[in-house]
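Read the structure below first, then the notes.
Proteins get letters first, then strands, A, B, ... in listed order; numbering begins at 1 in each. The analysis underlying the following values was restricted to heavy atoms, covering all of them including side chains, and did not include hydrogens, waters or symmetry mates.
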Amino acid sequence: MDILGFLTLSWFDPLLLFLTGAGTLAGIYVGAIPGLSVTMAASILISFTFKWDVNEALALIAGVYMGGVYGGSRTAILLNIPGAPSAIATAIDGYPMAKRGEAGEAIGLTTVMSVFGGFIGILALALFAPFISKFAIMFTSRDYLLLGMIGILLVGTLSGESFAKGAFAGALGVLIGMVGLDPMTAEGRFTFGTITLMGGIPYVVAMIGFFGVAEAFVQIHSLNLPVIKQKIDRIIPHFSDVKRYFWLALRASGIGTIIGALPGTGGDIAALLAYDDAKRITKNPDVPFGEGAKEGLIAPEVANNAAVGGAFVPMLTLGIPGDAVTAVIIGALYIHGLKPGPLLLVETPHLFWFIVGNLALANIFLLIFGLTGIKVFTKIVECPKAILIPLIIILSSVGAYAIQNNPVDIYWMLLFGVIGYFLKTYGFQVGPIILGVILGPMMDSNYRRAMIGARGDIGTFLWDFASHPISLVLSIAFLLMLLSQTPIWPVLKSLISRKTNVSNQ
Amino acid sequence: MPHDRPRRPGEIVFVVLLLLASLWLFWQSVLISGFSGLSTPGVFPMLASGVMVVSALWILRDTAKRAPDGGGISRFLEQVTPLRQAVMLGLVAVYVSVMPWLGFVVASGLFLIATIGFLWRRNFRLTVGISAVALGVIYLIFRVAFQVVLPRGTLFQGLF
């Protein structure tokens, strides 16, 4: 009974209902406008909401997240410009549909299927998180260290130009997270004797700098967006289509949820994998892929919304963000004095069920807003970047300042923005940096705890990784992932194949 | 695959700078607690900056293998820091440095007019109008609805 009460808390509380709805609507627009990203919006929003009640802040952010992941699809379909990275695959078949005059149908189908995927992801969160959480209580410090490293490694390998760039960005983030007084011994790290640095660099400022300001500077390169007008008529999808693609949608939801639940990977990767999967399993599409196949539109959109629920699983059960947005949300939970991890479900079960119910509510709002207001939408999305970019910078400044009313944070933000601009220009991703900032301090303290547990003996420390089942599995996963990215891998592979060839002869 | 695009202008200089910064950060990490133990506060920073040094070397190797872009500093200015970016960066720097003096409202208003005017190049009245509306909306949402404290300037004695 209690669970039901927490689950539906935001459904009956007028303020929470309003905030979730407003968040979802805002998320759709933020996700849709190229140049504004969900991570950007979430990181700016968090700095405003940290004085609020935690439920209110979470309601708004859940709405923005849900809406934002979906919103990218609209510009992908209408303008062939993915509003968010998670909609890159959507544009491949969505835009050809729009060119055929089926933009309305494409948007309608996307909406219904996104909502379907969203619910599967939320269901998975509600069903599996309590189990994983019970299991996670058995995790030791070294397992958290491994999970953190796996998370940074995954996000580093799957995004950006090369693994080395991902590793560099992740390590840079870890170092940014280390600045300030060491939480265990109160020794200063990278403080250079100044008081300003003793409290560390607020990670929200780093996020706003890397995702807001840096992105704004990158966007200046593409100021003049070609505006293509689309005719939109029927939006409510045909029931026969929904029925026909049900199994595909279910399959894509599974992919989305699992990819979302892996630490470090989120909706963008889920969408690309689901698209690829749909392409392989669909033998005879009505329209070839890449020319407006509905399968190619549905699969990525289902998967990226399913990934939202999935991404909350490791965040709430292990305290490890599933993707960049959940990294930001973890930041919000910390600010509110909560500690995401296996004990969150034990100590604050109401919060867990509130989040689940709230995501479901946001998903319902998504259906409502997704099928209405498209005419107004097309007008707003055409807002010139020349107006948008200055606004992003102003909002970022307000956000950076609002965290602790300290003008110095605005300078930090600008510095990170400039560094981020150059990193982006030369093919680095900023996602791993943020993951590093969030996970760095966690990995540091877990490493040291594990080392102290091994009495400072490196042999015992390493042996512990191999002698405990959970640690062993995680260690093997980590090593395999690491090996697959290094030049040793092809050599190993050819060695193995040569051996099997020899034994076959 | 590292070879499918030519080097971007200034890329090799940037990577060398990253390598130097990483080496310096590694040195700073060593200074924290040296090699005195395995669970000291300095170990993890040394590991992280060590990863940075190794990966920067790796990136340097990959970058050096790419076909040089050619064109030197002029190409860099053209592609990486064109006039638009440089002017915008300058305007943002001015904006954040005058904010404590002018206050958020005045500084942002001027910033919006200057930047929209610069990037959009439409008539002045429209620019001012859009800036005023945008600023009004931001003020209403953040100051009035969200109750966020916005920086006030010393010039107007806390009025803005």
Pairwise side-chain contact, B:Pro41 with A:Met184, heavy-atom cut-off 4.5 Å (strictly under) = no

Heavy atoms only: give me the nearest A:Leu391-B:Ala134 pair and the separation to one decimal.
-> CD2-CB, 3.7 Å

Is it the side chain or the backbone of A:Asp444 that comes within 4.5 Å of chain B heavy atoms, both, or neither?
-> both

Examine whether an atom of B:Val53 lies under 4.5 Å from a heavy atom of chain A, and if so say whether it belongs to the side chain, the backbone or both; otherwise answer neither.
-> neither

Within the distance-only criterion (no hydrogens, no angle test), does the side chain of B:Gln85 pair as donor or acceptor with the backbone N or O of A:Ile220 below 3.5 angstrom?
-> no

Separation between CZ (A:Arg455) and OG (B:Ser39), nearest 0.5 Å, reads 13.0 Å

Enter the distance from A:Glu187:CD to B:Ser33:OG here, rounded to the nearest 0.5 Å.
-> 6.0 Å

How long is the gap from OG on B:Ser108 to CD1 on A:Ile393, to the nearest 0.5 Å?
-> 11.0 Å

Contacting moiety of B:Ile116, where chain A heavy atoms sit under 4.5 Å = both

Which region of B:Phe118, side chain (C-beta onward) or backbone (N, CA, C, O), has a non-hydrogen atom less than 4.5 Å from a non-hydrogen atom of chain A, or is it both or neither?
-> neither

Close side-chain approach of A:Leu175 and B:Met52, heavy atoms under 4.5 Å = yes

Can you name the nearest heavy-atom pair linking B:Phe44 to A:Gly440, along with the distance?
-> CE2-O, 4.2 Å

Given that the side chain runs from C-beta out, which part of B:Thr40 has a heavy atom under 4.5 Å from chain A: side chain, backbone, both or neither?
-> backbone

For B:Leu47 and A:Val174, what are the C-alpha separation, side-chain angles and deciding distance, and is it a side chain to side chain contact (heavy atoms under 4.5 Å, CB included)?
-> CA-CA 10 Å; B:Leu47 283 176; A:Val174 171; over 6 Å; no

Side chain, backbone, both or neither: which part of B:Leu25 has a non-hydrogen atom closer than 4.5 Å to chain A?
-> both

Bottom line for A:Thr425: the part with an atom under 4.5 Å from chain B's heavy atoms is both

Taking the six-membered ring for Trp and the full ring for Phe, Tyr or His, determine whether the centres of B:Trp27 and A:Phe190 are under 6.0 Å apart.
-> no

Compare every heavy atom of A:Ala171 with every heavy atom of B:Ala48, then report the nearest pair and how far apart it is.
-> O-CB, 3.3 Å

Is the shortest heavy-atom distance from the side chain of B:Leu89 to the side chain of A:Tyr421 under 4.5 Å?
-> no

So which heavy atom on A:Gly456 is nearest to which on B:Leu38, and how close?
-> O-CD1, 3.5 Å

Taking C-beta and beyond as the side chain, do B:Ile59 and A:Tyr426 meet within less than 4.5 Å on heavy atoms?
-> no

Bottom line for A:Val213: the part with an atom under 4.5 Å from chain B's heavy atoms is neither

Taken to the nearest 0.5 Å, the spacing of A:Ile387 CD1 from B:Leu112 CG works out to 10.0 Å

Are the side chain of A:Tyr411 and the backbone of B:Ser97 linked by a donor-acceptor contact shorter than 3.5 Å?
-> no

So, do A:Phe168 and B:Trp58 sit near enough that their side-chain heavy atoms are less than 4.5 Å apart?
-> no

CG on B:Leu31 to CZ on A:Phe192, rounded to 0.5 Å | 9.0 Å

Are A:Ile389 and B:Met88 side-chain neighbours, meaning at least one heavy-atom pair lies under 4.5 Å?
-> yes

Can you tell me how far the CD1 atom of A:Ile394 sits from the CZ atom of B:Phe111, to the nearest 0.5 Å?
-> 6.0 Å

At a heavy-atom separation under 4.5 Å, does A:Leu145 approach chain B through its side chain, its backbone, both, or neither?
-> side chain

Could you tell me which portion of A:Leu395 (side chain, backbone, both or neither) has an atom closer than 4.5 angstrom to a non-hydrogen atom of chain B?
-> side chain

Is chain B contacted by the side chain of A:Tyr401, its backbone, both, or neither, given a heavy-atom distance below 4.5 Å?
-> side chain

Which atoms of A:Tyr447 come close to chain B, meaning under 4.5 Å heavy atom to heavy atom: side chain ones, backbone ones, both, or neither?
-> side chain

Do A:Phe422 and B:Leu17 have side-chain heavy atoms sitting under 4.5 Å apart?
-> no

Say whether, by atom type as modelled, one donor and one acceptor occur between the side chain of A:Arg189 and the main chain of B:Ile32 under 3.5 angstrom.
-> no

Could you give me the CA-CA distance, side-chain angles and deciding distance for A:Ser397 and B:Met99, then say whether side chain to side chain contact (heavy atoms under 4.5 Å, CB included) is met?
-> CA-CA 10 Å; A:Ser397 311; B:Met99 202 192 288; 4.2 Å; yes

